[in-house]
Trainee: 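First the structure, then my questions, so here it is.
For the single chain, residues carry numbers from 1 onward in sequence order. Counting convention: from 1, in listed order, for ligands and their atoms alike.
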Amino acid sequence: MAGVNDQSRIARNPLAAPVVAMIGGGQLARMTHQSAVALGQTLRVLAADPVDPAAQVTPDVVIGAHDDPGSVRRVAAGADVVTFDHEHVPPQLLRELEDAGVAVRPRSSALIHAQDKLVMRRALAEIGAPVPPFTGIDTLEDVRRFHAEQDGAIVLKSARGGYDGRGVWMPDSLAEAERIAGEQLSAEVPMMAEARVPWVRELSAMVARSPFGQGAVWPVVETVQRDGICAVAVAPATGLDDELRSAVQATALRLAEHLDVTGVMAVELFEVIGADGRPGVLVNELAMRPHNSGHWTMDGAVTSQFEQHLRAVLDYPLGSTVAIAPVTVMANVLGAPEAPAMSMDERVHHLGARFPHARVHLYGKSERPGRKLGHVNVLADPGVDPDDADQVAAVRSVAELAARWLSHAEWGDGWDPHSGARVGDFDR
Ligand code: ADP
């Protein structure tokens, strides 16, 4: 890039810290920047808009689209490594960067497994990882065949471009399945179908892997989705069978190695009860970037997923993934149907008065229904038993009350700040 740029870079980078460029300026980039600051770095981001969450906080911003070759090249110029806040960058563009000698982490050949659900399912099946029965859908005949094979219990998915439940359909009848698949196929959306899994809960295993090959795994968490959006994560998953936990962590590490992942990866799983009555898992999805199910690590683990992602893509030694509380619950602040009249800042004040131990993370976004505006982490006291469902539920209820207060300006339990009623219930 131009000398002027280099000069200004040196002026504000006296530590000669490496430059990590992240494609996408959302909340994941914003929180990665937070960790970059602590490491003496500044995250460079490619943001679509100056008001994007990360563009508000880092001085090193390129404004442009993630699928515009010129913008992607501009953000990569002079960076030590290029990484991602979402997986929607066209693979061809990434291969061009790689061919030009740019360190893209994860590499395009690994990232494709997080970009295309059908490619991911096929690779996992080949490796021998447990996955639900699945098929590619090219014609309506494929839908009819698979629907019959699975006794009608199917899920249709767009293989690419979906997120937060968009691009996932649960048809109640063959006619509905045919209609959905027909509409999507005629819009040239690549489609797949899989068996509808009678899961008992959803789990997530976060791992990190460096180019050197070091791996690290955090405790396995339970995630709770509402309307296809992650609403709550409980770390660790309550009462998870010891053997299953070890197997899940080993599988996640093995997948990271097999797929040559660099950076952090979330492995989303379904917990199921096998024919023998014992718990098992099926892999649902992979995300090769910081992930909502890892937000709890910002306060609840020695090393957060964001710092770990930086360490991993820069090939530093990885940080400890040990939890620092017996339980941490993360609850997302999801925009209310109607934005409350009370300002967010005032809501934060009130929350602090009621729950001084709640850790608030806001993304700097305007309020819209269902939009991820932030999250709250609540750490349990040292004496709490992570396998005692009632004790965990009490921690979870504080996190959910706090998150709902921030989005709705309503206390879900009817607490009245003026009378102070029920304040003792949640005192710690
Ligand atoms: P996204 O890419 O939007 O996260 P997912 O494939 O993870 O989409 O699906 C979103 C949610 O839909 C999952 O968290 C789960 O609750 C449900 N779901 C997805 N696939 C299945 C399945 N095969 N069986 C049952 N539920 C599923």
Trainee: Using a strict 4.0 Å cut-off to heavy atoms of Lys117, name the atoms of ligand 1 that fall inside it.
Mentor: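 Near Lys117, meaning under 4.0 Å from one of its heavy atoms, ligand 1 has 1 (P), 2 (O), 5 (P), 6 (O), 8 (O).
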Trainee: Tell me whether the rings of His66 and His86 are parallel (<30°), tilted (30 to 60°) or perpendicular (>60°).
Mentor: perpendicular
Trainee: Cation-pi check for Trp411 against Arg404: NZ or CZ below 6.0 Å from the six-membered ring centre and within 45 degrees of the axis, yes or no?
Mentor: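 Because its charged atom misses either the 6.0 Å distance or the 45° angle limit, Arg404 does not stack over Trp411.
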Trainee: Show which atoms of ligand 1 fall inside a sub-4.0 Å distance from at least one heavy-atom site of Glu285.
Mentor: 1 (P), 2 (O), 4 (O), 5 (P), 6 (O), 7 (O), 8 (O)
Trainee: For the atom pair NZ (Lys157) and CE (Met170), what is the distance rounded to the nearest 0.5 Å?
Mentor: 7.0 Å
Trainee: Is it the case that more than 12 heavy atoms not belonging to Glu126 sit under 6.0 Å from its CD atom?
Mentor: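 No, the 6.0 Å shell around CD holds no more than 12 heavy atoms from other groups.
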Trainee: May I ask you to check whether Val155 has an N/O atom sitting below 3.5 Å from an N/O atom of ligand 1?
Mentor: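 The answer is no, given that Val155 and ligand 1 share no N or O pair closer than 3.5 Å.
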Trainee: Identify whether NZ of Lys or CZ of Arg in Arg354 sits under 6.0 Å from the centre of the six-membered ring of Trp405 and within 45° of that ring's axis.
Mentor: no
Trainee: Using a 3.5 Å cut-off on N or O atoms only, is Arg196 in polar contact with ligand 1?
Mentor: no
Trainee: List ligand 1 atoms under 4.0 Å from Lys157, heavy atoms only on the residue side.
Mentor: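 This gives 5 (P), 6 (O), 19 (C), 20 (N) as the contact atoms.
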Trainee: Looking at atom 10 (C) of ligand 1, what's its closest protein heavy atom, distance included?
Mentor: Val168 CG2, 4.2 Å
Trainee: Given Met170, Glu87, His291, Gln225, which one has a non-hydrogen atom that is nearest to atom 12 (O) of ligand 1?
Mentor: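 Heavy atom nearest to atom 12 (O) of ligand 1 belongs to Met170.
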Trainee: So for atom NE2, which belongs to His258, do other residues, nucleotides or ligands contribute more than 12 heavy atoms lying within a distance under 6.0 Å?
Mentor: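 No.
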Trainee: Does at least one non-hydrogen atom of Ala195 fall below 4.0 angstrom from an atom of ligand 1?
Mentor: yes
Trainee: Can you list the ligand 1 atoms lying under 4.0 Å from a non-hydrogen atom of Trp199?
Mentor: 16 (O), 25 (C), 26 (N)
Trainee: Is a donor from one side chain sitting under 3.5 angstrom from an acceptor on the other, for Gln92 and Arg95?
Mentor: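 Yes, Arg95 and Gln92 have a side-chain donor paired with an acceptor closer than 3.5 Å.
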Trainee: Between the side chains of Glu141 and Arg144, is the shortest nitrogen-to-carboxylate-oxygen separation below 4.0 Å, so that they form an ion pair?
Mentor: yes
Trainee: Answer with side chain, backbone, both or neither: which part of Thr223 has a heavy atom less than 4.0 angstrom from an atom of ligand 1?
Mentor: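 Looking at Thr223 and ligand 1, no heavy atom falls under 4.0 Å.
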Trainee: If you count the atoms of ligand 1 from 1 in the order shown, which ones are under 4.0 Å from a heavy atom of Glu194?
Mentor: 20 (N), 21 (C), 22 (C), 23 (N)
Trainee: Taking only heavy atoms of Glu202 into account, list the atoms of ligand 1 that are under 4.0 Å away from them.
Mentor: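 Answer, ordered by atom number: 13 (C), 14 (O), 15 (C), 16 (O).
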